[in-house]
Amino acid sequence: MVQNLEERCEQQHKQQFRVDEAKRGMVQSLLDEQARSLRGEYWGDLEASRSQYEGEMGELRRYAVELRERQSRLEQTQQSVVFLQEQTVGLEVQLQQEGLSCARGQEARLEGEVLAAEEAARAGTEQHAAEEAAESCMMLSAEILEERAAHEAALAALRVEYGRECSELRLRESEARRHFC
């Protein structure tokens, strides 16, 4: 009977050992499955984060390129405005100088004709010379007025063109600033 009891006890221990091993196997299997599931979730989240990061970085790069382009266009516009302002000032100075030199040349020619008329008058043809001098003076005065009017018209046209170009450049500059900001 003692032997029987010992055998039974031993069988129960073996059976308990097998049950415990089966339980350990099931628990280990569940833990392995849970680990695989968590690893899958982790890698999925990591890949989603990486994709989002790459998308955001691409967008930031596009914004940086666009910002550089806008800054470049703004700088070019500002340089164009400065260039046109300098060109306009130079043209205005040139027109004024041409107008003055033309007027001086007309005055010198008029003085020469007046002197010639005075000499002719001294020579005995005072009446005829005076009429010629008066006629020459009137013609030269008319020519001077025509030249002055032509120069003023050209200057006015330049001012209009300059104003239009400045307006266009200011519009471009404001658009560039709007896009820049």
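Scope of the values below: all heavy atoms of this structure, side chains included, with no hydrogens, waters or symmetry mates. One is the number of the first residue; the rest follow in order along the sequence.
- R39 contributes atom CZ, which lies 8.0 Å from atom CG of D32 (distance to the nearest 0.5 angstrom).
- At least one side-chain heavy atom of L60 sits under 4.5 Å from a side-chain heavy atom of M57.
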Worked check of side-chain contact (heavy atoms from CB on, under 4.5 Å) between E10 and E7: CA-CA 5 Å; E10 199 175 306; E7 284 177 14; 5.6 Å; no
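- No donor-acceptor distance shorter than 3.5 angstrom exists from the side chain of S72 to the backbone of R68, with no hydrogens or angles considered.
- Under the 4.5 Å side-chain heavy-atom criterion for grouping Ile, Leu, Val, Met, Phe, Trp and Tyr, L38 is not connected to L31 through any hydrophobic cluster.
- Using a 4.5 Å heavy-atom cutoff, the side chains of Q71 and E75 are not in contact.
- Separating the CD atom in E33 from the CD atom in Q28 is a distance of 12.5 Å, to the nearest 0.5 Å.
- Atom CG of L46 and atom OG of S51 lie 9.5 Å apart (nearest 0.5 Å).
- For the atom pair CD (Q76) and CZ (F83), the distance works out to 14.0 Å, reported to the nearest 0.5 Å.
- Atom OG of S49 sits about 11.0 Å away from atom CD of E54, to the nearest 0.5 Å.
- Under a cut-off of 6.0 angstrom, the local environment of CZ in R8 is sparse, with at most 12 non-hydrogen atoms contributed by other residues, nucleotides or ligands.
- Rounding to the nearest 0.5 Å places CD of E47 at 11.5 Å from OH of Y42.
- Other residues, nucleotides and ligands contribute only 12 or fewer heavy atoms inside 6.0 Å of the CD atom of Q34.
- A salt bridge is defined here as a Lys NZ or Arg NE, NH1 or NH2 lying under 4.0 Å from an Asp or Glu carboxylate O, and E175 with R178 fails to meet this definition.
- Q11 places none of its side-chain heavy atoms less than 4.5 Å from the side chain of K14.
- Exactly one residue among Q15, H13, E21 makes a side-chain contact (heavy atoms from CB on, under 4.5 Å) with F17. That residue is E21.
- With respect to R164 and E161, no salt bridge is recorded, no charged nitrogen being found less than 4.0 Å from a carboxylate O.
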